[in-house]
There are 2 protein chains.
Amino acid sequence: MVQKEVKPRGRPKSYDREEALMAAMMTFWKAGYAGTSLDDLSAAMAMNRPSIYAAFGDKRALYLEVIDFYRRRVRASFDRLFDKGLPLCETLQAATAKAIETYVEDQKGCFVVGTAITEAAVDDDVRAVTAEMFREIEQVFAQRFREAAARGQNLIAPPEVLGALMSDVVHGCSLKARAGQNREEIEASARRSIDMICGRGTV
Amino acid sequence: MVQKEVKPRGRPKSYDREEALMAAMMTFWKAGYAGTSLDDLSAAMAMNRPSIYAAFGDKRALYLEVIDFYRRRVRASFDRLFDKGLPLCETLQAATAKAIETYVEDQKGCFVVGTAITEAAVDDDVRAVTAEMFREIEQVFAQRFREAAARGQNLIAPPEVLGALMSDVVHGCSLKARAGQNREEIEASARRSIDMICGRGTV
DNA sequence: GGATTAAAGTGCGAGATGGTACAAAAAGAA
DNA sequence: TTCTTTTTGTACCATCTCGCACTTTAATCC
């Protein structure tokens with residue numbers, strides 16, 4: 001299905017679109033949208049500016065595409081984990097642990113919480129996609145609780161409430177990671193919170 | 001004690017320091033540190049650039065002072081509320097409601113979560129003060145739970161865990177507000193989460 | 001091989017940005 | 001009034017920023 005042997009006409013592209021997006025994502029991730037210059041992007045993506053413009057449009061269009069790129073990666077990562085069919089609490093702990101792993105790397109937190117949120121106040125498109133992603137995360141978690149309840153598991157609150165709480169906990173990890181808190185503390189705190197949310201009280 | 005009658009020598013200042021800081025705060029709050037220009041600040045503060053430099057130093061120094069200004073205001077606001085001596089759950093609900101009120105105003109969220117977090121990845125001083133504030137918030141909430149427990153109230157988890165959760169919930173409200181979610185939804189979600197955290201199960 | 005196509009690479013320009021030098025202004029002090 | 005002192009306000013500069021016109025390079029098609 002990956003029909004790539006269509007032999008395009010002119011000079012071949014010297015970049016790989018996914019790799020370029022990845023490089024752009026890393027650059028925006030570090031310094032945010034406003035804090036990243038096209039020179040920074042050009043250097044990181046190993047593309048000169050006109051090539052970036054031809055491939056992605058202007059800086060803002062590139063940023064929006066990077067957000068979507070990030071979103072697809074997060075979604076894929078969660079889906080892969082959920083497909084394992086682990087019990088509720090194990091699933092949530094594993095998902096959070098995986099998130100934390102990327103958050104503490106270079107102390108960048110979540111891409112959306114770390115960069116898009118700042119831009120959301122001045123850019124309607126960024127705000128819209130950010131809101132969508134927040135909703136989606138809540139829904140995804142709520143669905144875990146719903147399915148667990150359907151399997152007969154007792155919940156300490158309605159799935160929507162627990163989903164919102166899970167979302168808050170994960171986003172909290174992102175904030176702490178970008179604030180430089182060390183991995184062990186973040187993981188320990190999250191683990192205890194999630195245990196509580198799953199009804200594994202520590203008291 | 002406010003000894004101000006010291007009759008300074010030269011031309012009197014045409015600005016009030018607190019008002020100037022407030023205006024700078026609002027400006028940074030909207031567009032973030034990198035997204036705010038000195039022209040923006042100059043216009044909002046009604047001070048020309050040389051005056052800003054004389055009064056606060058460069059842009060970064062001003063931003064750091066604005067963070068501290070915000071911190072003192074948040075602290076004062078919480079202290080005022082906690083002094084009322086309301087029961088645990090009422091206190092937490094009121095504190096969160098008050099936070100949400102400022103968060104949804106102009107859809108800006110919390111100043112730190114909305115702007116400082118982005119800068120934290122590239123500025124050690126911002127990161128340090130951000131981390132401090134996050135810790136302080138958790139501690140402040142944990143203390144509420146500890147005192148309630150001392151008064152004989154049952155907790156569904158240790159105070160530290162509940163304090164961390166409360167912090168996550170409030171920061172979650174900030175994220176949702178800046179993502180443009182409407183006030184009613186944010187309030188309703190937070191109320192239910194906090195009820196759960198206080199042991200007022202909804203199931 | 002020559003023509004054609006498409007991308008890479010060079011260079012540039014209009015404007016914004018952070019920061020500052022310097023003169024004008026407004027107060028008290030002599 | 002005249003001299004200081006301190007702040008305001010104008011004007012400016014060096015640099016960075018985004019975006020694009022134009023040339024060069026590398027591939028396919030004829």
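Just so it is clear, the structure is predicted and the values come from calculations on it, not from any experiment. Numbered from 1 within each chain, the chains take letters A, B, ... in sequence-line order.
- One interatomic measurement links the two molecules: CG of A/Asn48 to P of C/dT10, which rounds to 7 Å at whole-angstrom precision.
- Nucleotides of DNA chain D nearest to A/Ala34 and B/Ala46 differ in position, and the one nearer the 5' end is that of B/Ala46.
- Counting non-hydrogen atoms under 4.0 angstrom, B/Ser42 reaches nothing in the nucleic acid.
- Of the candidate nucleotides C/dG19, D/dG19, C/dT17, C/dT17 has the atom lying nearest to any side-chain atom of B/Asp39.
- In this structure, OH of A/Tyr53 is placed 16 Å from C1' of C/dG9, rounded to the nearest angstrom.
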*Check step by step if ring-ring contact (aromatic ring centres under 6.0 Å, His included) holds for A/Phe82 and A/Phe78.*
CA-CA 6 Å; A/Phe82 292 157; A/Phe78 272 124; 5.6 Å; yes

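- A cation-pi arrangement is not found for B/Lys108 relative to B/Tyr103, the charged atom failing to lie both closer than 6.0 Å to the ring centre and inside a 45° cone about the ring normal.
- A/Leu162 has its side chain out of reach of A/Arg144: every pair of non-hydrogen atoms, C-beta onward, lies at least 4.5 Å apart.
- Nearest heavy-atom pair, A/Arg127 versus A/Ala120, reported as atom, atom and distance to 0.1 Å: CB-O, 3.4 Å.
- By the 6.0 Å contact criterion, CD on B/Glu90 is enclosed, its count of non-hydrogen atoms from other residues, nucleotides or ligands being greater than 12.
- OP1 or OP2 of D/dT8 sits under 4.0 Å from a side-chain N or O of B/Ser14.
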Polar atoms only, N or O, under 3.5 Å: list the protein pairs with nucleotides 22-27 of chain C and their distances.
unit_1 : atom_1 : unit_2  : atom_2 : d
C/dA25 : O4'    : B/Arg11 : NH1    : 3.4

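- A straight line from CD1 of B/Ile52 to C1' of D/dG9 spans 13 Å, rounded to a whole angstrom.
- In this model, the phosphate group of D/dT7 is not approached by any side-chain N or O of B/Ser51 to a distance below 4.0 Å at OP1 or OP2.
- Of the candidates D/dC18, C/dT10, D/dT8, the closest approach to any side-chain atom of A/Leu38 belongs to D/dC18.
- Between the side chain of A/Thr27 and the backbone N or O of A/Ala23, at least one donor-acceptor pair lies under 3.5 Å.
- The nearest whole Å value for the distance from the OH atom in A/Tyr15 to the C1' atom in D/dA26 is 15 Å.
- Minimum atom distance to the side chain of A/Arg49 is reached by C/dC12, of the listed C/dC12, C/dG19, C/dG9.
- What separates CZ of A/Arg60 from P of D/dG19 is a distance of 11 Å, to the nearest Å.
- Rounded to whole angstrom, the span from the CG atom of B/Asp58 across to the P atom of C/dT20 amounts to 8 Å.
- When the P atom of D/dC20 is taken as reference, atom NZ of A/Lys59 falls 15 Å away, rounded to whole Å.
- Look at CG on B/Leu62: it is 14 Å from C1' on C/dG19, rounded to the nearest Å.
- Side-chain proximity of A/Ser37 to D/dT17, C/dG18, D/dT8: nearest is D/dT17.
- Nearest heavy-atom pair across B/Met196 and B/Ile156 is O-CD1, 3.3 Å.
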